[in-house]
Amino acid sequence: MEYNFLRIEEKWQKYWNQNNIYKTDIDKSKPKYYVLDMFPYPSGAGLHVGHPLGYIASDIYSRYKTLKGFNVLHPMGFDAFGLPAEQYAVETGQHPEITTEKNIERYREQLDKLGFCYDWDREVKTCSPEYYKWTQWAFIRMFNSYYCNDAQQARPISELIEAFETEGSGCINAACNEQHIFMAEEWKAKSKKEQQEILMNYRIAYLADTMVNWCAYLGTVLANDEVVNGLSVRGGFPVEQRKMRQWSLRVSAYAQRLLDGLETIEWTESLKETQKNWIGRSEGVEIRFDLSPQGTTSSTPSILPCGERSIIVFTTRADTIFGVTFMVLAPESEYVAQIVTPEQKAEVKTYIASTKRRTERERIADRKITGVFSGGYAINPFSGEKVPIWISDYVLAGYGTGAIMAVPAHDSRDYAFAKHFGLPIIPLIDGCDVSEESFDAKEGVMVNSGFLNGLTVPEAIRKAKEYISDNNLGTIKVNYRLRDAIFSRQRYWGEPFPVYYQDGMPYNIPEEQLPLVLPEVDKFLPTETGEPPLGRAKNWTYKGYPLELSTMPGFAGSSAYYLRYMDPHNTEALVSKEADEYWRNVDLYIGGTEHATGHLIYSRFWNKFLYDIGVVVEQEPFKKLINQGMIQGCSNFVYRIKGTNTFVSYGLKDNYDTSELHVDVNIVNNNILDTKRFKLWRPEYETAEFVFEDGEYYCGSAVEKMSKSLYNVVNPDDIVVTYGADTLRLYEMFLGPLEQSKPWDTKGIDGVHRFLRKFWRLFHHSNDFFVSEDAATKDELKVLHKTIKKVQSDIESFSFNTAVSAFMICVNELVDLKCNKKEILEPLTIILSPFAPHIAEELWHLLGNTASVVTASFPEYDESFLIENSFKYPISFNGKTRFKMELPLDDDIEQLKKTVLASPQTQKFIDGKEPKKVIVVKGKIVNIVI
RNA sequence: GCGGAUAUGGCGUAAUUGGUAGCCGCGCUAGAUUUAGGAUCUAGUGCCGUAAGGCGUGUGGGUUCGAGUCCCUCUAUCCGCACCA
């Protein structure tokens, strides 16, 4: 009986399915373990061999944890709202739901073939109303909450209203867009609409005019993480900055907690670093520069903050204030209008118009130094000097106060600007040379700096800060780069906002009337008047009031899905208290790095919000996170002689004028082209001729992204048919460390497949399953215990490649020992089962066990047996290892030394002399110095 | 520019965490079996050398009886952030 993987895999997949082997329930008698994969977006292309890498790893770990006695939650679902299905709908008119369902079905089929242990009863789809009801629900809660900076948590908006009614806004320290100062009486005198407008400033989900990334081609706004280098991540279309009225989530209020939380979770340093960069905390001061009287237009009354004629800037280098030689405002800054003098007005206007025309992409592409003098001056608060105020687009309106103090000697951007416009540069650090470039490092001793002279930079920063707060020149302030997340998308295929408009102000639909189901539309395009597709829906109103026309972005549905898996069918709550308190959070999360600044930030924010309002018990959603590497494609090329249909082999291509063409990797083996299949591949190659090299046609190769258009996609279904799911699983793990990216290489798969067949044959004699009931020998037991120990520690450290190797070594050794004993096979079956569940299950049953192997428990290894029987310690002389020696485990070091020194091998090396030194490490003789 | 990571045979990788560098697999070489191919089995395979031996973990240095592993220098590659004041 050969190893018939197709029969075995089909049989057991059916059995697991029918017997609900992977059904999970709350079981308080066992410790829980929650293993989660980042759920996929079901694209039309289906899975390629790269996708399952993380899924295989999480499946192995889940099965292992189950064998270890944990109650393991291992669910799967689909992130089903999104642009591709909608783009397809726009082009074909087919409803995105149909496309999505079809794709999900295909994904499910492919996943099932790999033998994963998902509890499919818990499947979630973000596009189903039962699911997005809770996305909408969370939105309403955010809408009805504000962020209290004192308590550092979200609080109900009703508390804010109460405070306004009793004490006015003075006592409130809350995250907001714009401070409003009013007394309780003033609040009460305001109209409902005015009150709502003020409250909108505080809500965690709020509507505001914000600068957004507008992608005209996609017809929607995008979040910051969806834009890279001024192009949309999806599609690569240009994105411009535009002011629009949009929903946003006040993620920035959580910046510090998002930062602090990183210290409590086991993520890789690089991922934490990425998030730290994205949050971008910087400590500094906000300092006030008063305007020089002749520098302002006397006709405009000042409405600047603090009620004074001044500019507030943010700096992390308070120590360099003596070196400020000019100031710069962002072109969009609200200060600009106040400061520009009549003489400069025309020039400034022209400049601002020109910066507006430039997209962000252009600004990044050609870093031309541009700017214009405003005509105004400010007073340096430290030196009393008068400094000119400029306007330039190198200062960002969205960060800090949109205005900076420029210290050209110690900031490279200010330096470039100063050189370009001929502004003075004052060096402040002893001995630094600023004739060619600025000195940006935070080191050295201060000079030219009044009361800071003689201090080192860190000391000077501290002292300057002290001086500023003592003299009421400004405040100590922490700034974050993290912005609020723009939450509206002018698209169809997303969650509708549970919001209607009355008198121009938004109000939420009552929670008990959720879900607000996505309406039908005739087309998936914007309306003729430029409204989002929902503008086409009939009766899209609530109690006669118009409903919001935007939908939520992709990250809305993926932000709390891990909670829904805990209690997926609950119609009363996102997750029940009981389920949440049992499952708590994800113990192991596996997925790609591409979500570092998107999903993984939003999810953490969303979770913290739910924590604040008492829905969840854990502050962090994902305790441990592993980023699996990408599996790249290995493309092959053929070389066609230009103007002919003749193809020349790789080694000879330089003798001809050729063009390089991608060829389907599935008709290439070992870089050798199957010319017959090549001719059949496409009609135009039917008459192809070849110039061979040693009788073969060799292809060129390169590592590229796995993609349909590069003909380098390897489909897991094909591998499963040829080798079986168990081989694919083992091979993907064997390829290398989980976190590393690596090219797919079909060549090596034979080795792994051979191993499984060898293992199978070891327990089959003349076509029958055969195991011996004899007791195992010491050597056989040693092989077993060594393997258990190694595989266990490898799984626990997620080193699955070495675990597979260990198993292969084990089988080789058992073959050498001709061991086919039940006593050995039974535990081996269990430890193999996470990796190759089908063959393990088959052997398990052939051994006469009826219950499924997943209910067995992971075998223990016997440490003392291993120690007793693992001998051969290396013995070195003068640091050079000469031989291995069998030594007993002995605490008596003196006795050990004697044994070693007395041995004939040692005598040969020390040649009768007395050794100078004997070094013993961990109870073993290691080195003898002669 | 700032930050993170990596560097070992022809290739993917391993090294009990400071103790025989190259496990396991691919590939390659030779042989056995087979009508042939495939499959299987046996032996070999870091480099130089007929051999003895020597050299070897990106570079240069250091600590140590002993370094792929620890410290410093440089180099290369990959990733993240980037007019963030």
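Proteins come first, then strands; the chains are lettered A, B, ... in the order of their sequence lines, and each starts at number 1.
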Cationic N near anionic O, under 4.0 Å, Lys477(A) to Glu283(A) |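 Salt bridge: no.
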So what does Leu735(A) touch, heavy atoms closer than 4.0 Å: a base, only the sugar-phosphate, or nothing?
->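 Sugar-phosphate only.
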Classify the nucleic acid contact of Arg761(A) as base, sugar-phosphate or nothing, counting any heavy atom under 4.0 Å across all strands shown.
->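 Here Arg761(A) touches the backbone only, sparing every base.
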Is there a Watson-Crick or G-U wobble partner for rC28(B) with both distances under 3.5 Å, and which nucleotide is it?
->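 Its partner is rG44(B) (Watson-Crick or G-U wobble, both distances under 3.5 Å).
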Can you find a side-chain donor-acceptor pair between [X] and [Y] that sits under 3.5 Å?
| X | Y | value |
| --- | --- | --- |
| Asp484(A) | Ser252(A) | yes |
| Asp440(A) | Tyr415(A) | no |
| Tyr335(A) | Ser310(A) | no |

Tell me whether the OP1 or OP2 atom of rA82(B) has a side-chain N or O from Asn277(A) closer than 4.0 Å.
->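 For rA82(B), neither OP1 nor OP2 has a side-chain N or O of Asn277(A) closer than 4.0 Å.
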Considering heavy-atom distances to RNA chain B, does Arg317(A) or Asn801(A) have its closest nucleotide positioned more toward the 5' end?
->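 Upstream on the strand: Asn801(A).
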Residue Ser270(A), side-chain heavy atoms: nucleotide from rC24(B), rG4(B), rA82(B) that is nearest =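 Output: rG4(B).
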Closest to the Arg754(A) side chain: rC26(B), rC24(B), rA14(B)?
->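 Of all the options, the side chain of Arg754(A) is nearest to rC26(B).
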Using the P atom in both, what is the distance from rG80(B) to rG62(B), to the nearest Å?
->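 So the two P atoms sit 38 Å from each other.
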